[in-house]
There are 2 protein chains.
Amino acid sequence: MTKEAAGRARPGRTPVPAGRRARPRQAEVARLAGVSQATVSLVLSGRATATGRPISEETRKKVLDAAHSLGYVPDPAASRLAAARNNLLGVYSFTATFPTDVRHSYYPFLVGVEQEAAAQGYDIVLFTGSSSGGAGAAGAGALNRVRLADGCLFLGRHVPVDELHRLVADGFPVVHVGRRDEVEGLAWVGADYVSAGREVVTALTGLGHRRILLVREDDDAPASTDRERGFLDGLTASGLPAGPNAVVRCGDPRREVTADRVRAWFADGVTAFVAEETDTGAAWRALRSAVAEAGLSCPGQVSLALLGSPPPDLADGPVPMGFDIPRPALGAEAVRLLASRIGGGAVGSTLVACTFRPGATAGAPATP
Amino acid sequence: MTKEAAGRARPGRTPVPAGRRARPRQAEVARLAGVSQATVSLVLSGRATATGRPISEETRKKVLDAAHSLGYVPDPAASRLAAARNNLLGVYSFTATFPTDVRHSYYPFLVGVEQEAAAQGYDIVLFTGSSSGGAGAAGAGALNRVRLADGCLFLGRHVPVDELHRLVADGFPVVHVGRRDEVEGLAWVGADYVSAGREVVTALTGLGHRRILLVREDDDAPASTDRERGFLDGLTASGLPAGPNAVVRCGDPRREVTADRVRAWFADGVTAFVAEETDTGAAWRALRSAVAEAGLSCPGQVSLALLGSPPPDLADGPVPMGFDIPRPALGAEAVRLLASRIGGGAVGSTLVACTFRPGATAGAPATP
DNA sequence: TTGTAAGCGTTATCAA
DNA sequence: TTGATAACGCTTACAA
């Protein structure tokens with residue numbers, strides 16, 4: 001007899017008839033296997049064998065067979081609610097993950113994320129953040145959806161600091177892809193632009209260059225700051241002055257890096273130019289065409305380098321000296337860090353090394 | 001008094017003390033507001049006003065204030081469990097979703113899928129044929145993993161018919177991107193290659209062409225069949241013979257579409273050639289170089305058209321007459337269909353129109 | 001070795 | 001108009 005008096009109509013939701021349900025539940029597996037629902041849970045979660053729980057091999061097999069034949073898959077919401085875990089990793093981008101303009105896409109990161117997540121036994125939930133209007137879009141509480149997963153990766157240039165901080169403060173495992181210091185307690189993985197930038201400069205000084213100019217855009221993203229730091233470190237390490245006139249900041253490289261100015265710099269003794277990679281590749285684009293327009297040969301008269309990868313539409317040109325950001329590796333490392341945080345690991349951020357690319361745009365400076 | 005006898009030690013999990021819990025629950029909001037927990041749910045979910053539920057303005061305010069002052073945020077796992085919907089859409093590709101080579105990826109579809117999913121309030125779970133994430137591994141039963149979502153989109157050329165049919169038969173909402181008739185009861189969205197192919201042909205006959213040849217590969221994918229059907233329809237509609245010698249099937253276009261054969265066809269009166277788009281773009285590639293090699297000018301002497309889009313590496317050449325497959329629109333439509341199926345809508349498949357592309361490779365035939 | 005039942009934090013139903 | 005209370009599907013402490 002059930003615990004409530006029979007025959008009296010009582011409040012509460014009426015159960016869903018098992019007939020019309022697309023997804024089988026543990027109770028159905030249990031029925032089929034002829035065991036209790038709890039036993040099914042024990043067997044399927046692996047907690048039986050793991051914790052040395054006593055489950056007979058026969059029962060195990062019956063349960064597994066039944067589960068398989070029904071196509072049972074645990075409900076992530078229920079698992080999460082009961083056990084606070086469901087083997088789901090979230091990925092949340094503050095801009096569309098698959099933008100129409102492939103240039104700013106997070107695709108290369110996802111390659112690594114996907115692989116490493118699979119290796120660690122997680123499935124990936126792409127939280128459709130700011131892709132467009134709609135239910136899940138911006139607004140307070142948008143980030144809250146990620147709590148369905150065991151932890152979440154965040155990608156993007158602009159971050160809603162407060163909301164993110166709330167997640168972190170609540171102890172929800174979060175890792176940001178890209179260095180990000182403005183959110184307290186936030187773990188991140190970033191590319192080591194400082195070392196990579198230094199390496200490019202020392203490669204140039206190794207070839208004999210003594211006057212090298214950095215062309216960067218005029219914003220203060222961590223990535224830009226780090227690249228400049230590496231550039232200056234490289235100069236210093238080579239015994240060259242790392243003064244402010246080694247760097248040109250320009251709001252609009254196309255207008256400010258002209259053939260005339262390049263000619264003037266060259267006349268002034270500059271033999272190598274370094275551009276930073278940005279979303280649009282504007283600095284590199286401007287530098288390239290200004291040099292060509294100035295009639296200077298590369299790498300004959302001037303050497304060029306790019307702190308990053310060229311934009312896709314310039315992929316056909318000569319491979320620039322510079323470095324590649326190991327985006328898949330960054331994604332994979334982020335997953336590793338997140339998995340560790342989910343497992344109770346400490347907050348720790350990581351830098352991933354970039355790989356130097358000799359390219360074909362740098363050579364020894366012409367001796368005058 | 002609670003429903004069980006007091007004083008007796010009973011099995012089951014011990015409740016979490018309210019003191020040491022990270023986040024406030026509705027019950028605590030209710031306590032603070034002096035109402036029942038159910039009322040809190042009603043107020044906060046907005047279901048009160050939406051469904052015209054009777055909630056006094058005073059109660060509403062008390063609840064909202066209490067929630068705000070406690071910093072209440074709903075637990076998505078609990079919501080989804082209770083609502084019996086996860087708001088998760090699966091995306092399953094039979095080849096890797098994240099190939100290293102971006103060109104052959106499903107990226108353009110994903111653009112639309114992501115947008116529309118966000119608009120409909122769904123998040124996305126990415127499954128790949130190769131990865132062994134989460135509960136199940138690859139191999140038999142691999143498709144069962146998708147049951148964790150509320151429904152699933154399938155992409156890819158090759159489909160494990162039996163497994164997919166099993167899902168469909170179980171009433172699990174499934175939509176295939178691309179026409180697919182071999183699985184009974186499977187809903188799909190496809191591109192309308194028939195209409196698009198017909199349109200290209202009538203454009204050519206409108207220019208004055210009377211002998212047009214279709215170069216296709218020698219397999220029987222639905223997409224190829226449809227294109228040929230549209231091509232032949234176009235000929236018929238223009239009062240031209242749609243006989244079998246209007247079509248050339250070749251297993252290896254590169255070897256079978258040679259400059260010699262093109263010259264022969266041209267001498268025989270053929271003034272326009274149409275290739276179908278395939279994965280590799282082989283037909284188009286072969287046609288293009290054979291015509292060039294034969295010394296025939298385009299569109300001066302012969303016109304060319306492509307039933308689809310040129311491969312990325314040929315993007316620089318002249319834009320071919322033909323049509324574009326609206327892949328993002330296909331993805332979006334697939335999501336719409338899937339959402340409708342999840343909501344209990346009927347199975348229905350859709351064709352999406354392709355957009356005609358005049359291009360620069362077709363003109364009036366030279367008058368002899 | 002297996003079964004029983006509480007509890008996770010919501011939503012939905014019905015009675016008051 | 002509001003409040004009890006069952007149910008969602010799962011994990012787990014404890015009893016048998």
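Per chain, numbering begins at 1; letters A, B, ... match sequence-line order.
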Assess whether a salt bridge exists between A/E28 and A/R25, defined as any Lys/Arg side-chain N lying under 4.0 Å from an Asp/Glu carboxylate O. yes
Under 4.0 Å from OP1 or OP2 of D/dA13: is there any side-chain N or O of B/R13 that close? no
Is any side-chain nitrogen or oxygen of A/S36 closer than 4.0 Å to OP1 or OP2 of C/dT2? no
Taking the nucleotide of DNA chain C with the nearest heavy atom to each, does A/E58 or B/V73 sit closer to the 5' end? A/E58
Would you say B/S45 places a side-chain N or O within less than 4.0 Å of OP1 or OP2 belonging to C/dT11? no
What is the separation between atom CG on B/L42 and atom C1' on C/dG9, rounded to the nearest whole Å? 16 Å
Could you check how far CZ of A/R80 sits from C1' of C/dG7, rounded to whole Å? 16 Å
Is it the case that more than 12 heavy atoms not belonging to B/E184 sit under 6.0 Å from its CD atom? no
Within this structure, what is the CG-to-P distance between A/N86 and D/dT11, rounded to whole angstrom? 10 Å
Atom CG of A/L44 and atom P of D/dC10: how far apart are they, to the nearest Å? 9 Å
Please give, in whole Å, the distance from C/dC8 C1' to B/R23 CZ? 12 Å
Which sits closer to the 5' end of DNA chain D, B/V35 or A/P15, going by the nucleotide each is nearest to? B/V35
Between B/R60 and B/E57, is the closest basic N to carboxylate O distance under 4.0 Å? yes
With A/V189 as reference, evaluate A/L330, A/V335, A/L153, A/L338 under the side-chain contact (heavy atoms from CB on, under 4.5 Å) test and give the passing residue. A/L330
Sugar-phosphate only, base, or nothing, as touched by B/S79 at under 4.0 Å among non-hydrogen atoms: sugar-phosphate
When B/T14 and B/G34 are each assigned the nearest nucleotide of DNA chain D, the 5'-most assignment goes to B/G34
When we call it a touch if two heavy atoms are under 4.0 Å apart, what does A/A83 touch: a base, just sugar-phosphate, or nothing? sugar-phosphate
Looking at A/Q37, does any N or O in its side chain come under 4.0 Å of the phosphate oxygens OP1/OP2 on C/dA5? no
Here the distance between atom C1' of C/dT11 and atom CZ of B/R25, to the nearest Å, is 16 Å
Of the listed D/dT5, C/dT10, D/dC10, the closest approach to the B/A82 side chain comes from C/dT10
What is the separation between atom CG on B/D75 and atom P on C/dC8, rounded to the nearest whole Å? 12 Å
OP1 or OP2 of C/dT1 versus the side-chain N and O atoms of A/T59: is any pair under 4.0 Å? no
Given C/dG3, is OP1 or OP2 found less than 4.0 Å from the side-chain N or O atoms of A/T39? yes
Could you tell me the separation between the OH atom of B/Y72 and the P atom of C/dT10, rounded to a whole number of Å? 3 Å
Select base, sugar-phosphate, or nothing to describe what B/S41 touches, counting heavy atoms under 4.0 Å on all strands. base
Spacing of A/Q26 atom CD and A/D75 atom CG [to the nearest 0.5 Å]: 10.0 Å
Closest approach of A/A149 and A/G90, non-hydrogen atoms and distance? CB-N, 3.6 Å
